[in-house]
Amino acid sequence: MSFKPLVLVLFLFRLCHVSPSTVGENGHRRTATYIVHMARSQMPASFDHHLQWYESLLKSATDSAEMIYVYENAVQGYATRLTLEEAESLESQPGILSVIPESMYSLHTTRTPSFLGLDGSADMSPESDSVSEVVIGILDTGVWPESQSFEDAGMAPVPSSWRGECEIGTNFTASNCNRKLIGARYFSKGYEAALGEIDESKESKSPRDYDGHGTHTASTAAGSVVEGASLFGYANGTARGMATRARVAVYKVCWIGGCFSSDILAAMDKAIDDGVNVMSLSLGGGTSEYFRDSVATGAFAAMEKGIVVACSAGNAGPSAYSLSNLAPWITTVGAGTLDRDFPAFAVLGNGKNYSGASLYSGDSSLSSLVPIVYAGNATNMTTGNLCMTGTLIPEKVAGKIVLCDRGLNPRAQKGAVVKAAGGAGMILANTAENGEELVADAHLLPATTVGAKNGVAIKSYLFSDPNPTATILFEGTVVGVQPSPVVAAFSSRGPNGVTPEVLKPDMIAPGVNILAGWSGKVGPTGLSVDPRRVRFNIISGTSMSCPHVSGLAGLLKAAHPDWSPAAIKSALMTTAYVSYKNGELLQDLSTGKPSTPFDHGAGHVDPVLALDPGLVYDLTVDDYLEFLCALNYSPAQINMLARRNFTCDPSKKYSLGDFNYPSFSAPFQTTQTGSDSGGSSRPAVIRNTRTLTNVGPPGTYKVSVTSQAQGVEISVEPETLTFTKPNEKKSYSVTFTAGSMPSSTTSFARIEWSDGKHVVGSPIAFSWT
Ligand SMILES: *[C@@H]1O[C@H](CO)[C@@H](O)[C@H](O)[C@H]1NC(C)=O
Ligand SMILES: *[C@@H]1O[C@H](CO)[C@@H](O)[C@H](O)[C@H]1NC(C)=O
Ligand SMILES: *[C@@H]1O[C@H](CO)[C@@H](O)[C@H](O)[C@H]1NC(C)=O
Ligand SMILES: *[C@@H]1O[C@H](CO)[C@@H](O)[C@H](O)[C@H]1NC(C)=O
Ligand SMILES: *[C@@H]1O[C@H](CO)[C@@H](O)[C@H](O)[C@H]1NC(C)=O
Ligand SMILES: *[C@@H]1O[C@H](CO)[C@@H](O)[C@H](O)[C@H]1NC(C)=O
């Protein structure tokens, strides 16, 4: 504490010297940004302060490098520019845990509350006082503070415990913050060290959002209630965040060139110190071991401070192993659809029509049939079917509707390419990979997106008819679409590529065609050719589902201030639903078949049930440390996450299967027996233990297991757990016995504990490798 002024002085001193000089004054020093993790417990007594120690070690490896950031909370260490040789030399010094190259992360680009059952639910509106104590930190592209979603009418003064700031910058002053938007900071030093100075003609060196993504995610998590919100009349209604009375603190970490891990870590470092209760990160890139992933290391420190960290699962679906943000102390959120649609029909000259979706606004010049052409027939390029910039031959598309295939370039850009070539409209066809997923866009010309099946049908018409024609009819907004939710095809899927024993994603939440606040600096398509400005925009991605869960975590934190981040996650997971009201299983848009726990995790969030889960699977910091022991992490690797020495007990047997996670993943090895049994698979047995904590009334819970897994026996011991008082803990074990290797390499089951009122459900995923 008494060192604080020194930290500041040294830090500011350093900043003056952080300049492009580190990028290579002499033109020969090929540097990159590294994050240096320090073992503070090993600081020699001869140093008064750790910064002096950091400096002296850095000087011993290089005389020209300066610290870009010093980290105090998220990790212990700093970021600096080094050559590869300098990094290697530094890493060999005592007291240095590791020197890790910076990595790049990218963004995972009014009806939601009622879809989630938040409207009119008295239970879900804990006294305004407790919610207004909750601060949700959004690490993203910044904020458009003038958005109505950040109006603070009726809000109480800023909580006295809040230590954050409203940083000033270009066109951003302290008066841009208020009682709703209570903090706004920006982190650009890592970005500028790597790519040079920010081009202020393109983006603002301030917390101001020139992209829209950050304003959208922040208003989704905790935006104020705004009546009459819509995008060109689409999705007309009341826009509101999940936790309308919670506070928002914005940390701008993503710039036009991407999001750099040294900046993200600096933002997490500050957010921990500022006093946020929830961190929301709709970005990803970290799929390596947890100690190498800046988001995972920062999230570990946040978890220790009781901060919930929610991250997007990624938009790399529907392929298996496509998830990011896999650490078990992170809440990993996939995306589902809403019951809302924006139908726009492709009507063909043969009288047939095909449904699609669009947010096109404006006069439709397509009041009658016009010729239609396939982009692949109007180009000289092999990728012309994708309507990439400059690939369409104007004479072949002028005045026509052009059918473009989805993929590679942004969807709305394809429309801009058709428009630039003189096309009259566009039908955007999903490929098999996107299936029937209809992501709507605010196209610059009359256009609709159709599913893969309709795309094939329309192509077969236009390849067979000598004079094919079509038009597009726009039908506005439709609600009550069933089935919903459906897992979005783009939502990233398991299994977990880092720790197969931990099931990911954790859950899904709304992430398709979501209406929320937008930046005044960019049009709804995000394209530079789009001159339109909107107060609200409709976009899709796990970037949109993550802040839904961040806001809901804030509501749970307000209702249950004593719950740990793990208890909050458990409540959201064990009450999530996996079937529709009619009993049928949730569907996957990429296949049109039931989705699995590798797609939807524990299921779709149900915030009202999450408030009263009955029992939770809790985890302490020590439990997470034991998890790291079970991963056989070295002392240095554990220190990078825990920021202190923690010694795994060599006499103790650590098991990933006993890690008290609210879901189960059992990866079986297909080991062969000796020749005497003819090489058939040996039965494999996996035994997991779990501990439930009572957070509801006393009661007796009985277990039930449903299984689609043929050849796997599941037994639970004991089958009944009786809780007589609050916070009482009871353990059980579950044994999975696999017989012969099944025909499929994955299968699934579900375990539920119920006292007749509460249902505490967990998915089980089996895999054979
Ligand atoms: C932490 O561990 C390192 C080696 O693993 C050891 O040298 C050091 O003395 C330990 N520090 C403390 C405070 O236990
Ligand atoms: C500054 O912010 C205002 C909103 O207060 C905005 O209208 C204007 O375009 C911004 N100017 C620049 C240069 O970003
Ligand atoms: C939005 O809905 C309201 C009533 O629900 C209606 O009065 C208003 O005209 C609608 N606005 C648009 C742009 O559709
Ligand atoms: C599309 O066809 C269906 C019948 O298949 C019809 O009910 C509907 O009105 C048509 N819609 C349009 C926009 O033509
Ligand atoms: C248009 O493209 C399709 C698919 O590539 C091809 O089968 C068809 O022959 C082409 N038609 C013309 C007229 O070139
Ligand atoms: C496409 O190829 C044709 C025939 O080879 C040629 O005449 C035309 O100029 C080319 N167009 C473009 C845009 O490359």
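Note that the structure is predicted; figures quoted are calculated from it, not measured. Every number for a ligand or one of its atoms is a count from 1 in the order of the listing.
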Task: Under-4.0 Å protein heavy-atom contact, atom 13 (C) of ligand 5 - done: no
Here the gap from L386 atom CG to L408 atom CG, rounded to the nearest 0.5 Å, amounts to 6.0 Å
In this structure, atom 1 (C) of ligand 5 is nearest to the protein heavy atom N377 ND2, 1.6 Å
Looking only at protein heavy atoms, what sits closest to atom 4 (C) of ligand 5 is F463 CZ, 3.7 Å
Scanning both residues in full, the closest heavy-atom pair of P505 with L323 reads N-CD1, 3.8 Å
| said: If you compare the SG positions of C311 and C546, is the separation below 2.5 angstrom? | reply: no
Side chains of S355 and P343: closer than 4.5 Å at any heavy-atom pair?
-> no
The closest protein heavy-atom partner of atom 5 (O) of ligand 5 is Y374 CE2, 4.2 Å
Point to revise | Protein heavy atom under 4.0 Å of atom 7 (O) of ligand 5 | key: no
Exercise. Stepwise, does the side chain to side chain contact (heavy atoms under 4.5 Å, CB included) test hold for F342 with L438?
Worked result: CA-CA 9 Å; F342 307 101; L438 295 182; over 6 Å; no
